[in-house]
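Okay, so here's the structure we're looking at.
Keep in mind that this is a model prediction, so the values were computed, not measured. Residues: numbered from 1 along the sequence shown. Ligands are counted one by one from 1 in listed order, and the atoms in each one are counted from 1 as well.
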Amino acid sequence: MSILRMTTAGESHGPGEACIVEGIPSGLPLTRDEIDVDLARRQRGYGRGDRMAIETDRCRFVAGVRHGRTLGSPICLLIENGDYANWVSKMSPDPMSEETTSDMGRFTLPRPGHADLAGVAKYGHTDIRDVLERASARETVGRVAGGAVCKRLLQEAGVTVRARVLSIGGVRVAASNDMCRAEDIDWDAVEASPVGCEERAASDLMCARIDEARGAGESLGGVFEVWCWGVCPGVGGYASMEDRLDGRLAGALASIPAIKGVQMGVAFDSADEVGSRVHDPILLMHDGDRRWIGRNTNRAGGIEGGMTTGMPVVLRAAMKPIPTLTTPLASVDIATLELSSAHVERSDVTAVPAARVVGEAMAAYVLAAAYLSKFGGDSVKAFAESVRSYEAGLEERGLWRRF
Ligand code: EPS
């Protein structure tokens with residue numbers, strides 16, 4: 001069982017979003033500024049709607065950090081919703097008369113693709129707002145804050161997590177299936193792009209595609225790719241189904257709103273290939289007298305048998321187009337059972353560039369949990385020493401080499 005646990009709370013137009021991270025060792029240097037960097041990255045992205053002009057996400061530590069270091073106690077992070085000022089009575093926790101709430105107007109036209117319809121069925125709500133406030137992807141701001149804490153812990157183990165966008169609305173970069181070296185990707189160009197895609201021509205085309213979709217009242221999905229590098233072999237496990245890191249990563253990424261598919265390495269491309277063209281040969285590497293086992297390819301995406309191989313962990317996630325459309329699809333009013341069109345609300349045209357940052361957070365959470373299960377440590381010093389000692393043992397046996 002994982003000793004790291006992250007949970008979020010918050011409604012999209014409520015007072016704020018919170019994240020609690022339990023199980024982070026003591027002594028980890030942590031500032032709100034470094035968390036805010038990821039919050040700002042999640043907010044950016046061409047194709048976002050007007051809500052992002054209202055919000056400037058900043059995190060506040062409510063618990064677990066003192067004088068810039070973690071205490072080993074649960075860390076509570078809070079991000080205020082700027083838009084709450086416009087929703088104070090609509091989102092009030094205080095009891096209200098039936099008359100007042102019906103004056104505010106009920107939302108009764110479920111949007112195909114959103115949680116609206118199944119949510120009212122499940123919870124017995126009569127106002128879809130009671131579903132969408134929590135189902136909204138606003139919740140991911142809390143995940144990104146908690147994920148930034150996990151990334152900071154992984155940094156102590158020499159691990160970096162970054163993601164880039166590969167496609168939006170059918171505009172794709174020619175992404176290589178050689179997933180060996182994160183250093184071959186221009187991560188500065190990824191950050192400079194308004195859509196998180198380092199290829200300038202593709203990035204411009206994606207923006208044009210977003211403009212076109214906005215004009216047509218449409219929304220767009222896409223694919224992003226998460227890289228975790230500096231990872232040592234043997235993290236995760238094959239002994240029990242819940243140890244398998246690929247299963248945990250897939251589950252975590254698929255839990256991001258609108259993510260409908262996840263693959264490790266070249267997965268879907270490999271399904272049509274013969275084995276000899278898919279598996280990564282195990283090679284003997286030399287440097288002077290030094291010999292070690294390594295790979296020249298990483299089609300496995302850094303995971304074999306549910307464990308890290310020591311090559312970068314590379315995952316791809318497919319995001320469906322956002323369900324809120326300004327030219328809505330057919331729907332049925334849940335109050336009158338009359339055929340109608342789905343509710344239209346302010347929304348984003350696409351959130352793939354933002355989802356890439358959420359993908360980093362979820363991958364960092366799963367990986368940090370797997371590292372903590374393997375290496376333990378109540379203090380970050382003990383954790384880092386345990387990682388270093390294991391890695392030194394691997395290097396001594398020639399089973400891996402850190403670059
Ligand atoms: C969302 C709808 C939009 C998005 C929101 C997710 O919000 P609103 O209804 O207030 O316009 O902007 O995403 C965020 C607020 C965010 O921070 O990412 C939805 O329905 O999921």
Ion pair check, Glu273 and Arg299, cut-off under 4.0 Å
no

Are more than 12 heavy atoms, taken from residues, nucleotides or ligands other than Arg397, located less than 6.0 Å from that residue's CZ atom?
no

Only one of Thr8, Asp38, Ile79, Leu77 passes side chain to side chain contact (heavy atoms under 4.5 Å, CB included) with Val141; say which it is.
Ile79

Among side-chain atoms of Arg143 and Ser255, is any donor-acceptor pair under 3.5 angstrom?
yes

Can you see whether Arg295 engages Thr309 through a side-chain donor-acceptor pair at a distance of less than 3.5 angstrom?
no

Side chains of Tyr371 and Val231: closer than 4.5 Å at any heavy-atom pair?
yes

Under a strict 4.0 Å criterion on non-hydrogen atoms, which protein residues are in contact with ligand 1?
His13, Arg42, Arg48, Arg51, Met52, His114, Ser136, Ala137, Arg138, Glu345, Arg346, Asp348

